[in-house]
Amino acid sequence: MLAETTNDPQAIAQIREAVRALCAKFPGAYWRGLDRERAYPTEFVRALTEAGFLAALIPEEYGGSGLTMRAAAAILEEIHASGCNGGACHAQMYTMGTVLRHGSAAQKARYLPGIAKGTLRLQAFGVTEPTSGTDTLGLRTQAVRDGDHYVVNGQKIWTSRAEHSDLMLLLARTTPREQAARRTAGLSVFLLDMRAVRDNGLEIQPIRTMMNHATTEVFFDNMRIPADSLIGQEGEGFRYILSGMNAERILISAECIGDAKWFIDRAAGYAKERVVFGRPIGQNQGVQFPIARAYAQMRAAELMVSEAAALYESGRDCGAEANMAKLLAADASWAAADMCVQTHGGFGFAEDFDIERKFRESRLYQVAPISTNLILSYLAEHVLGLPRSY
Ligand SMILES: Cc1cc2nc3c(=O)[nH]c(=O)nc-3n(C[C@H](O)[C@H](O)[C@H](O)COP(=O)(O)OP(=O)(O)OC[C@H]3O[C@@H](n4cnc5c(N)ncnc54)[C@H](O)[C@@H]3O)c2cc1C
């Protein structure tokens with residue numbers, strides 16, 4: 001188990017070292033094998049769970065490590081900088097935040113200790129739907145109260161890790177859009193125990209994607225769930241989900257920074273060793289400048305991730321910074337990925353070098369968990385005061 005820490009640089013350095021040591025046991029060959037089969041990294045997730053890393057943000061009173069957002073970000077960054085991928089389990093770290101902030105005392109006591117131990121997996125987050133996409137307020141999944149239960153009908157898409165999770169945080173409409181008191185009212189959050197309803201109102205179908213991501217489509221057909229699955233107040237779910245999204249954006253930004261560091265390290269290493277025309281390719285400015293540019297871009301993004309995490313820890317509004325961190329870090333990792341393929345020439349495409357795999361993995365962050373355009377729209381409207389565009 002990890003010891004509680006502040007943002008003391010020495011404590012963070014120790015965490016980074018411990019994560020690196022763990023990741024060293026899961027080399028490229030491990031990830032390549034899983035990638036070919038589109039298989040879940042069970043052993044890696046187990047090792048992270050047993051080391052307490054996935055319980056970083058759960059307070060100690062519930063059995064977690066009570067670490068800071070910057071410490072949690074350091075864990076995910078190191079996983080990615082080591083060539084591993086936290087996508088299979090990163091949501092176990094932050095999805096519980098909605099329960100922690102908005103759940104009842106009984107819900108927290110019932111779920112958080114198990115989530116902290118890893119005996120209970122809460123790493124599925126059901127928001128996106130096929131017909132509404134980014135327009136979350138347009139979602140159609142409905143939960144209708146029926147005595148001591150809600151009856152849920154509808155469909156989600158891109159519900160990642162649903163097959164590897166016991167619980168799902170589900171966003172559904174409880175008041176028809178036209179009857180809601182406010183534009184953002186009428187959606188509710190449920191902590192859905194999938195074990196109780198699997199194949200009894202709940203169906204999960206995997207979606208094969210360009211990278212190994214364990215994502216799924218989820219169907220609800222008259223799914224009956226106990227009324228006490230509701231988190232917080234009925235109709236306030238959109239607000240609860242938004243507050244959790246800042247944590248998600250910061251932590252995924254940290255993963256992008258880790259990816260960028262991995263690509264830069266690989267490219268610089270290769271450029272020093274690969275000899276063509278009788279000298280290392282890295283002696284040519286045409287090869288070294290893109291690496292240097294990717295480094296500068298990564299460092300700038302890293303500063304924004306750190307600022308967003310610090311603001312989050314202080315309890316102040318970090319919406320703009322969390323969004324900018326995600327935008328800049330995703331751009332930095334994608335630019336570094338492209339540069340790394342180019343630096344490696346043909347070998348950038350060879351499976352054994354892991355670069356093509358990481359390249360495919362890092363493309364996702366231009367689209368999910370929020371797409372670049374939507375971040376730009378947010379900044380235009382909420383920071384620059386431009387007219388709302390959608
Ligand atoms: C591998 C993967 C895992 C995911 N995991 C999850 C998960 O666990 N849970 C979950 O709920 N969701 C998940 N998502 C969904 C993800 O959050 C969405 O794909 C993303 O938010 C974009 O939504 P969309 O795919 O519906 O695109 P759309 O909303 O259809 O948009 C398509 C394109 O149009 C652009 N666009 C749309 N509207 C505008 C506008 N007004 N102005 C400018 N551009 C616009 C978008 O930026 C995007 O590039 C995942 C997605 C993927 C691919």
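In each ligand, atom 1 is the first atom listed, and ligand 1 is the first ligand listed. The first residue of the sequence shown is numbered 1, and numbering continues consecutively from there.
For ligand 1, the polar-atom distance check finds an N/O of Thr128 within less than 3.5 Å of one of the ligand's N/O atoms. At under 3.5 Å, a nitrogen or oxygen of Pro369, whether backbone or side chain, sits near a nitrogen or oxygen of ligand 1. Checked against a 3.5 angstrom limit, the closest N/O atoms of Tyr390 and ligand 1 fall outside it. Annotation: Thr159 places no N or O atom under 3.5 Å from an N or O atom of ligand 1; distance criterion only. At least one N or O atom of Thr134, backbone or side chain, sits closer than 3.5 Å to an N or O atom of ligand 1. Where the criterion is an N or O separation shorter than 3.5 Å, residue side chain and backbone included, Ile157 fails it with respect to ligand 1. Any N or O atom pair closer than 3.5 Å counts here, and Thr215 shares no such pair with ligand 1. Annotation: Gly126 places no N or O atom under 3.5 Å from an N or O atom of ligand 1; distance criterion only.
With hydrogens left out, the protein atom closest to atom 36 (N) of ligand 1 is Leu374 CD2, 4.1 Å, a heavy atom. In this structure, the protein non-hydrogen atom closest to atom 9 (N) of ligand 1 is Phe125 O, 2.7 Å. Of the protein's heavy atoms, Ser377 OG, 4.4 Å lies nearest to atom 42 (N) of ligand 1. Of the protein's non-hydrogen atoms, Asn373 ND2, 3.5 Å is the one closest to atom 43 (C) of ligand 1. Shortest contact from atom 50 (C) of ligand 1 to any protein heavy atom: Trp158 CB, 3.3 Å.
Note that atom 30 (O) of ligand 1 has no protein non-hydrogen atoms nearby, at separations under 4.0 angstrom. Not a single protein heavy atom sits closer than 4.0 Å to atom 34 (O) of ligand 1. There is a protein heavy atom closer than 4.0 angstrom to atom 13 (C) of ligand 1. Within a 4.0 Å radius of atom 22 (C) of ligand 1, the protein contributes at least one heavy atom.
At a 4.0 Å heavy-atom cut-off, ligand 1 touches Leu364 through the side chain alone. If you look at Met211 next to ligand 1, the close heavy atoms, those under 4.0 Å, all belong to the side chain.
Applying the ring pair (Phe, Tyr, Trp, His ring centres under 6.0 Å) criterion to Tyr240, with sequence neighbours excluded, gives His102. By the ring pair (Phe, Tyr, Trp, His ring centres under 6.0 Å) test, Phe125 pairs with no residue at all, sequence neighbours left out.
Checked by atom type, the side-chain pair Asn212/Arg360 shows no donor-acceptor distance below 3.5 Å. Side-chain polar atoms of Asn7 and Glu313 form a donor-acceptor pair below 3.5 angstrom. Of the N and O atoms on the side chains of Asn85 and Glu361, at least one donor lies less than 3.5 Å from an acceptor on the other residue. Residues Asp331 and Gln366 have side chains that bring a donor and an acceptor to within less than 3.5 angstrom of each other. For Gln123 and His164, the side-chain atoms include no donor-acceptor pair closer than 3.5 Å.
For ligand 1, the atoms lying closer than 4.0 Å to a non-hydrogen atom of Ser371 are 46 (C), 47 (O). Listed by number with element, the atoms of ligand 1 under 4.0 angstrom from any heavy atom of Val127 are 11 (O). Residue Gly133 has at least one heavy-atom neighbour below 4.0 Å for each of these atoms of ligand 1: 26 (O), 29 (O).
Counting heavy atoms from C-beta outward, Glu217 and Trp158 have side chains that stay 4.5 Å or more apart. Contact annotation: the side chain of Ile375 approaches that of Lys326 to within less than 4.5 Å [non-hydrogen atoms, C-beta and beyond]. Two residues are said to be in side-chain contact when any heavy atoms from C-beta on lie closer than 4.5 Å; Glu163 and Tyr40 fail this criterion. Counting heavy atoms from C-beta outward, Arg224 and Val197 have side chains that stay 4.5 Å or more apart. By the 4.5 Å heavy-atom criterion applied to side chains, Asp166 and Leu122 are not counted as neighbours.
Nearest-heavy-atom check against atom 5 (N) of ligand 1 across Ser389, Ser160, Gly87 picks out Ser160.
Residue-ligand proximity: Val367 is placed with a non-hydrogen atom under 4.0 Å from ligand 1.
Cation-pi geometry between Arg388 and Tyr390 is met: the NZ or CZ atom falls under 6.0 Å from the ring centre, inside 45° of the normal.
Counting non-hydrogen atoms of neighbouring residues, nucleotides and ligands closer than 6.0 angstrom, the CZ atom of Arg195 exceeds 12 such neighbours.
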